Novice: 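A single structure is presented below for examination.
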Amino acid sequence: MDLVVNGVEHALDLDPRTTLLDALREHLHLTGAKKGCDHGQCGACTVLLDGRRVNSCLILAISQQGVPVTTVEGLGTEREPHPVQQGFLDHDGFQCGYCTPGQICSAVGMLDEVARGWPSAVTRDGDDGPLDDAEIRERMSGNLCRCGAYANIVPAIAQAAGR
Amino acid sequence: MTAVTERAVGAPLGRIEGPAKVTGAARYAAEYPVENLAHAWVIQSPVARGTLDGVVVDPTTEDKDLLAVLWHGNAPRLEESDDPELAVLQSARISYRGQALALVVARTPEAARRAAQVIRLEITEEPHDALLTADHPGLYTPEQVNPAFPAVTESGDVAGAFAAAPVTVDVTYRTPALHNNPMEPHATIAVWSGDDLVLYDSNQHPPGVAAAVGAVLGLPAERVHVITEHVGGGFGSKGTARPNAVLAALGARVVGRPVKLVLPRQALFSMVGYRTPTIQRIRLAAERDGTLTAIDHEAVEQTSRLYEFAEQTTVATRHMYAAPHRRTGHRLVRLDVPTPRWMRAPGEAPGMLGLECAMDELAERLGLDPIELRVRNEPRVEPESGVPFSSRHYLDCLREGAERFGWADRDPQPRRRREGAWWVGTGVAGATYPTMAQPSTARVRALPDGRYEVAVAATDIGTGARTILTQIAADELGVGVGRVHVRIGDSTLPMASVAGGSSGSASWGWAVTGACRALRESGSEEAVYDSTEEVQRQEKEGKHAYGAHFAEVRVDADTGEVRVSRLFGMYAVGRVLNPRTARSQFISGMTMGLGMALHEEGVLDPATGDWVNHDLAEYHVPAHADVESIEADWLDERDRAVNPMGSKGIGEIGIVGSPAAIVNAVWHATGVRVRDLPVRLDKLLPHLG
Ligand code: FES
Ligand code: FES
């Protein structure tokens, strides 16, 4: 099968039971996407699938042939970080760093959802001002951080959102 | 060496490994590319007590990729260990539900996992007892509590003081089992070459893991090379070797190829430790002016049949407040439950919940401001031991914190502030954590390119250790941080103590300071410094960090939902080496404290001995939406007695007292004292109407 990751096409011979997360980590050695629970409960494995954020532990790799996958490795580099990555650096938005790639990919996907006008559970009718903290917190709640860096992640994302 | 005037210590230097972490380049234990790797899956006990009599692999379901199934019937024999949890696959005896009973090794992770599902265990189940009660017939007083405190202390005439006191409080607080749940599950890749073993392992102490795994395998520690470059959190659960390291090594030995074992999240609830539930009775006796005459704090806790771990729940009570008559104690019961272990601030976190909530109840009884009550009971020396404090600025934390938080105009009466659908209240609680340092060794080398390599077998579990050691070395060498390269996370580097007890920076920084000084003074190319002698020569003084936590909560009058709208911590922790990473450490502890107060609860079903809510969907750790405003700041405290840097440990104090501040704020908002954590809405609702 073919997986397209960060713009590169990979031909892989996979067990059909292989999740997208395991394909990335075990077969392509793209270990930026993390495994925290393997059950869709923590968000550490978040990647972008055709631009939308997904928990890659809940997706079978074989079902995503040819669909563009973006992992944290595809967002930016140490020299030229993505604005969200830069926000995390500027605000110390992480400690152990294990939830971090998932938080970053999730934030990138989330900002795109906001740009498309998708509401969240805390959006009220007529809300169209800048993305406030409550919105960020609500929309990012699928990404757990046991180090408790939330108070720094919110301003990191706000900075990337241009606030 | 060129002189630099600007000091690195005290500057908010960004994390050295930050760019690697935000781009996914930082490698954690399970992420090393290793040739010919096989994958393991652990089979855990489905019963709480019994014997494993056999393991049956059904030939009709056997996978062509299956390599081995190990259990006590066929696993290689291990040497005796101080830690019976490391004697994996050695005995038929089942001590708790979730114990590792067998290890499946296969060519692919999918095959290993599938095989583990279809393999049949032949088990003789026995009746079990997994329920902690305050009057359990099996309760006993342990010889000592973690790590080496007496279990019981008593001075004065406690009974007499209570009989004579005009005001007393006698309350029982309960804390549930709590699970560390670092985001990175425990993981090991084991690679043998001959009799040498390399372990890529997620832990808080590479040299300790090398020694412990070496001991059970009958290998000298130097034949075991533990690599721990980045660690996805531990919070105590990775403080010593856990069964995964030994299981992976055994599996790799048997199949003759490297083996990776990553524990599934569910296994973390039973296989790697958790915080014991506690039942604490706290009795306070006071004069009408609030002067304490007696304190009595007793904790009931559980441990497993396999290993005695006694959390030091009431130890902080021994030195927090003055009172002439005092008693503290611990009683344990061995149950058919997983082994409890260290979790962030073992002892202080649950114990200060009990003490600081009881103090709030006493303040209410006396009609005294809770801060003033604490002011009236400030000890001049450690109350039990009589030794002086090296520094103690607890009252300054309370006063400065009160000022910043806006405490002064608080109505002392509960249930007075209503804002729309919400009852609003505020609460305060003290915090303390011991200041420790342990012997470590560091080496520094002048490199030909003008840089310096500093090496110490420390780990950075998210604390900022790599960055702080860089700053310490830069100042001692008199160079900029860019010329210092710190190497940690490898057991073959000079011996370092564990990343635990909030003692990492102090212990490793001490050794790094010594090595850099020795290099500078000798003018040689390399210097090694072992801090053992200096650390052991330390003055006997009461060395503690202090803090005060302030919480503002809103409680929904109709649903009982609790929101923490503000949580503020004011600390006195000696010299802050890096304000950026320090602030993160504080808010990290406070966030976990918020979880402890409102959300976290390991529910053990006494009928099965199983953690009912053993995953991240049902064991709720704080999420983004739970955290509104969490802030931390600190006083400028100087304490040269603690270590050469003058720093106190900061990784744990944030979880000490912050839960009590929230629980006290819930009372202030609603008038309801919840003495059984977490404060769930069903405990508030009946009283709100
Ligand atoms: S690993 Fe996928 S959500 Fe946790
Ligand atoms: S930084 Fe450690 S879990 Fe988020």
Side-chain angles (χ1 to χ4, degrees), chain A residues 15 17-18 22 25-26 29-42 44 71-73 75-79 81-82 84-86 88-90 92-101 104 122 133-134 136-154, chain B residues 14-15 17-28 30-31 33 39 108-111 114 180-185 230-235 262 264-265 460-464 580-581 583-585 587-592 594-595 615-617 621-631:
Chain A
D15 185 314
R17 295 170 293 190
T18 308
D22 283 343
R25 287 172 64 82
E26 304 297 336
H29 302 293
L30 287 168
T31 53
K34 304 300 183 199
K35 185 181 284 189
C37 69
D38 220 13
H39 275 60
Q41 300 172 342
C42 76
T71 70
V72 74
E73 291 95 338
L75 288 176
T77 62
E78 295 196 23
R79 274 172 190 281
H82 183 280
V84 173
Q85 291 169 322
Q86 189 63 50
F88 275 68
L89 289 170
D90 292 346
D92 205 34
F94 57 95
Q95 296 186 30
C96 78
Y98 199 78
C99 73
T100 312
I104 289 171
V122 299
D133 288 355
I136 296 177
R137 290 196 290 261
E138 172 64 25
R139 290 171 186 263
M140 289 298 294
S141 281
N143 290 85
L144 299 177
C145 175
R146 187 52 159 165
C147 294
Y150 302 123
N152 290 350
I153 295 174
V154 170
Chain B
R15 291 170 199 268
E17 69 285 354
K21 282 183 173 173
V22 300
T23 54
R27 268 190 215 291
Y28 297 78
E31 301 176 348
H39 299 264
T108 69
E110 294 79 18
R114 170 71 185 152
N180 308 58
N181 271 320
M183 286 311 298
E184 181 202 20
H230 297 289
V231 182
F235 313 110
V262 180
R265 173 61 52 183
D460 190 330
I461 58 172
T463 55
R580 182 186 180 91
T581 53
R583 182 177 164 276
S584 288
Q585 286 282 83
I587 64 172
S588 166
M590 291 162 76
T591 303
M592 210 178 268
L594 188 156
D615 61 36
L616 291 173
V621 306
H624 272 281
D626 298 313
V627 174
E628 299 190 359
S629 160
I630 292 195
E631 270 306 329

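All of these numbers come straight from a predicted model, not from anything done at the bench. Chain identifiers are assigned alphabetically (A, B, ...) following the order of the sequence lines, protein sequences preceding nucleic acid strands; residue numbering begins at 1 within each chain.
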Novice: Can you tell me which of B:P185, B:A30, B:P33 forms the most heavy-atom pairs within a distance under 4.5 Å of chain A?
Specialist: B:P185

Novice: Heavy-atom distance under 4.5 Å to chain A: side chain of B:E631, backbone, both or neither?
Specialist: neither

Novice: Check each atom of B:D460 against the heavy atoms of chain A and say whether the ones under 4.5 Å are side chain, backbone, both or neither.
Specialist: neither

Novice: B:I461 versus chain A, heavy atoms under 4.5 Å apart: side chain, backbone, both or neither?
Specialist: backbone

Novice: Working to the nearest 0.5 angstrom, can you tell me the gap between A:F94 CZ and B:R15 CZ?
Specialist: 6.0 Å

Novice: Using 0.5 Å steps for rounding, measure from the CG atom of A:D38 to the CG atom of A:D22.
Specialist: 6.0 Å

Novice: Using a distance-only test with no angle check, is there a side-chain donor-acceptor pair under 3.5 angstrom linking B:R265 and B:N181?
Specialist: yes

Novice: Is it the backbone or the side chain of B:A25 that comes under 4.5 Å from a heavy atom of chain A, or both, or neither?
Specialist: side chain

Novice: What is the ring orientation for B:Y28 with A:Y98, classed by angle as parallel under 30°, tilted 30 to 60°, or perpendicular over 60°?
Specialist: perpendicular

Novice: Which answer fits A:L89, side chain, backbone, both or neither, if we ask what part of it has an atom under 4.5 Å from a heavy atom of chain B?
Specialist: both

Novice: Is A:Q85 close to A:L75 at the side-chain level, that is, under 4.5 Å between some pair of heavy atoms?
Specialist: yes

Novice: May I ask you to name which of B:G18, B:G595, B:S588 has the most heavy-atom pairs under 4.5 Å with chain A?
Specialist: B:S588

Novice: Below 4.5 Å, heavy atoms only, C-beta onward: do A:I153 and B:H624 meet side chain to side chain?
Specialist: yes

Novice: Checking A:R17 against chain B: side chain, backbone, both or neither under 4.5 Å from a heavy atom?
Specialist: both

Novice: Under 4.5 Å from any heavy atom of chain A, what part of B:V231 do you find: side chain, backbone, both or neither?
Specialist: backbone

Novice: Which bit of B:T591 comes within less than 4.5 Å of chain A, counting heavy atoms only: side chain, backbone, both or neither?
Specialist: side chain

Novice: For B:A625, is there any backbone N or O sitting under 3.5 Å from a side-chain donor or acceptor partner on A:S141?
Specialist: yes

Novice: Please look at A:D90 and chain B and tell me whether the side chain, the backbone, both or neither of the residue comes under 4.5 angstrom of a heavy atom of that chain.
Specialist: backbone

Novice: Please identify, among A:G148, A:G142, A:C96, the residue contributing the most non-hydrogen atom pairs under 4.5 Å to chain B.
Specialist: A:C96

Novice: In terms of heavy-atom proximity below 4.5 Å to chain A, should B:P264 be classed as side chain, backbone, both, or neither?
Specialist: neither

Novice: Quick one: are A:R137 and A:V122 in side-chain contact, heavy atoms under 4.5 Å?
Specialist: no

Novice: Could you tell me which residues satisfy side-chain contact (heavy atoms from CB on, under 4.5 Å) with A:C42, sequence neighbours excluded, listed by chain and number?
Specialist: A:C37, A:A44, A:L144, B:M183, B:L616

Novice: Do A:K34 and B:E31 sit within salt-bridge range, that is, some charged N less than 4.0 Å from a carboxylate O?
Specialist: yes

Novice: Can you sort out the partners of B:S584 under side chain to side chain donor-acceptor pair (under 3.5 Å), two or more places apart, ordered by chain and number?
Specialist: A:D92, A:N152

Novice: Looking only at the side chains, is there a donor atom on one of A:T18 and B:E110 sitting less than 3.5 Å from an acceptor on the other?
Specialist: yes

Novice: Which one, B:R583, B:R114, B:H230, B:K21, leads in non-hydrogen pairs under 4.5 Å with chain A?
Specialist: B:K21

Novice: Who wins among A:E26, A:R139, A:Q41, A:M140 for the most heavy-atom pairs under 4.5 Å with chain B?
Specialist: A:Q41

Novice: Using a 3.5 Å distance criterion without hydrogens, assess whether the side chain of A:Y150 forms a donor-acceptor pair with backbone atoms of B:P622.
Specialist: yes

Novice: Report which part of A:T100 has an atom under 4.5 Å of a heavy atom belonging to chain B: side chain, backbone, both, or neither.
Specialist: side chain

Novice: If you count heavy-atom pairs under 4.5 Å with chain B, which of A:G36, A:A33, A:G32, A:C99 comes out on top?
Specialist: A:G36

Novice: If we define contacts as heavy-atom pairs under 4.5 Å, which of A:C145, A:G97, A:G40 has the most with chain B?
Specialist: A:G97

Novice: Where does B:R580 contact chain A at under 4.5 Å (heavy atoms): side chain, backbone, both or neither?
Specialist: both

Novice: Does any heavy atom of chain A fall under 4.5 Å from the side chain of B:A617, the backbone, both, or neither of them?
Specialist: both

Novice: Side chain, backbone, both or neither: which part of A:Q86 has a heavy atom under 4.5 Å from chain B?
Specialist: neither

